[in-house]
Structures are given as C-alpha cells and as structure tokens.
Amino acid sequence: MICWREWDGEIVVYYDLTGNTHLLNSLAGLVLRRLAESGAARSVAELTESIGPSVAIEPDIAQIEAVEAVLTDLERFGLAARGTA
Amino acid sequence: MALRTGAFVNVIQSAIPAVSEAIALLYSNHPLVESGGFADFHVSVRAATGVRRWLRRQVLFEFDGARPFKPLPFPQAFPMLEWGLNWCVSNHCNNLLVFHAAVIAHENRALILAAPPGYGKSTLCAALVNCGWRLLSDELTLIDPASGNVLPLARPVSLKNASIGVIRSFAPDAPLSRIVTDTVKGSVAHMRPPVGSVQRANEPAKPHWIVFPRFQSGAPTTLSPYAKARAFMQLADNAFNYNVHGKRGFETVADLVSSSGCYEFSYGNLNEAVSVFDTLAKSAP
C-alpha cells in the first residue's frame, strides 16, 4: 500500500512493502497521482499528455523525457513498474 | 533510589559521589517513588573493577545488569548516567514516536526544535525555558501516536562547550552542574529544569510549531517558513524509531507536520532569538 501527503505541491510517499519514505517534487507527485488515478497501464506519451503544461519543467528538457526520468525514479523506489508493450 | 521523570520510573544505583551530588542538584524537584514498585528502567553507574582501576579509573553504565556501552573515564560518571537514561527511552519506548529534538511549550502549545548536534538547539532551549517557556525535553521529543500529543520528559538540559558560558551569562541563577571535560561531546554541564516544568510532567502539549534552528556566530536573526514536505523528511530522519511504526509512523509524522507551523531559524544573538519566539507565541491563535 502507498500512502502519501501533499503540501504545497511537494509529496511525501510511504510504501509499506519497502518501509521507505520518499520526498517527491511536484512533477513526480503528479505522475504518481495520474498513475494511481488511471488504474490501468498507460503509455508514457499518454501520461505526459495527461499532465499537460501545468507543471514547470526546465525548458531545455522535453516534457516526455522528464516524465521518463520520473518513471525511472519511481521504478527504482518500487513505486511504479513498467509493463511490456 | 527510584526517581520519576515524566512517564517513567527510573531505579538508579550509584555509589559515586559525583553522581549523587549531581542528582541532588539537578533532580531536586523530581518526585521520588517508593522503592519496590514497578520501574521502567533499572540502571546503575559504578566504577569499573579489575586492573583498569589502577591504570586509569573508569566508569560503567549498566541497564538490567547488561552493559550497552564501553566504559568511560571516571570523571564522566554523571554525563554517562544522563546519556544512559536517554538511551533507555530512545531504545525501549516503541509505543511512542521518539525524535532527537528538544521540545518546549507555551500555554500547552509545543515548539519542537530539531537540529543536528552543534546547531544551538539545547542553548536555545535552555534560554527559552529560563524565560518562561515550559521544558518538555531538551533531547527527546516523545509523540503519542494515539493522541498526537507531546509527552513531557523534563530532565536536566545538556549544555556543551561554548553554550555553558553562554547560558551562565544569560541566566546566572540557573543551577548548573560541574563541568566535565574531554567527553566525546567536548565539555559538558547540565542545567536543572525549572520546577514548574517538573511539576507539570503529566501534562501533554499539542504540537504547534516545528523549528529547525541553527546558531551561527554573528548571523542575523531570521525565522522563515520551511516547506512541510521537507520538514517531514527531516523529522523522520531525526526519529529513533520512525521505521518501527510503519504506516502509523508515517501518519503520525504527517499529522504532526500538518498541524504545525514549520520554520527554519538562524540566530547569532540569544536575546534576539528569545524575542522572536516570544513574539511567535503571542501571535498564536
């Protein structure tokens, strides 16, 4: 089970399977929320589109790459898993 | 002797004069409990025996007959008792969330001071309790997960190195123990907790502020809002048993952070620092 709390756009997440707590920035928090809300597998492109322009990302990084990087981090923390296409 | 400190009864045995002198000075307001009843911790501080006592006298701390620490030089007997009593609480009270943080209160609103050693946490705590704030603890913040309240543990305030002189100047009437030099923390002295704080040892306080202080010589006094998510992570890092509590620990720290104003505080002048917190207390709803 994943528990989280959000304050001013930053999210703290607790995952009971690992017992670890993580601090996520606003983009990572939004990605995690979208994943939880969708309840089904989504492509990175769909995920990126669902996030839209609401979260500022450094302009020299394509938004899809930023979401990819967040997914890699979430996967490393055990908070998300990529399925096979 | 059986001594009550907050919610705990400690049976303390020692034949070392420096220990009994310091207890008589620093715990003079704490209630004694009739011996033979239930006690949470049975500890002793005694001189090491064997060849060591001829080479260099040492002192041992025992907890239920076990020795959790290596012996220390004999003059460190009383600091060893204090560190040992802290260890008893931080290692055995998993019904509570235990943080390495000072906590004081103003009208039952608790102010948690969390910082690594050397950041001026105990100095600030000692100054504020000499200016009317209630001491709950200078070392261990105890949160009851069921109520979210802070439980008092008013014991002597540990002062180190330059802060001993600073508090002597700031509060000349505050009773301080003898200075013990060359400990792992440098020179150490303990300040007696105010009698009012000891008398209110059964009154929990509601968390209201969380402050991350830092003393820097010559620094201007600044109190700035601190991001709650970061406050959460710092508090969890400062907890002795956050992981033991699992989801309940997460929820308890999250509620603590949600219900408190979170600040970082930099100071270089103790009088100004006290003034800032008095203003903060007066502005509380």
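In this text, all values refer to a predicted model and were calculated from it rather than measured experimentally.
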Checklist entry - Looking at A:Phe77 versus A:Tyr15, is the centre-to-centre ring distance below 6.0 Å? => result no

Checklist entry - Centres of the B:Phe63 and B:Trp87 rings: under 6.0 Å? => result yes

Item to check | Top contributor to chain B contacts, counting heavy-atom pairs under 4.5 Å, from A:Asp8, A:Asp16, A:Asn20, A:Thr21 | outcome: A:Thr21

Next on the checklist: Out of A:Met1, A:Glu10, A:Glu6, return the one with the most heavy atom pairs under 4.5 angstrom to chain B.
Outcome noted: A:Glu10

Item to check | Any B:Val9 side-chain heavy atom under 4.5 Å of B:Phe38 side chain | outcome: no

Checklist entry - If you tally heavy-atom pairs under 4.5 Å against chain A, which of B:Gly249, B:Ala236, B:Ser258 wins? => result B:Ser258

Checklist entry - Taking B:Asn241 for the side chain and B:Val244 for the main chain, is one N or O donor matched with an acceptor at less than 3.5 Å? => result no

Item to check | Part of B:Asp237 within contact of chain A (heavy atom distance under 4.5 Å) | outcome: neither

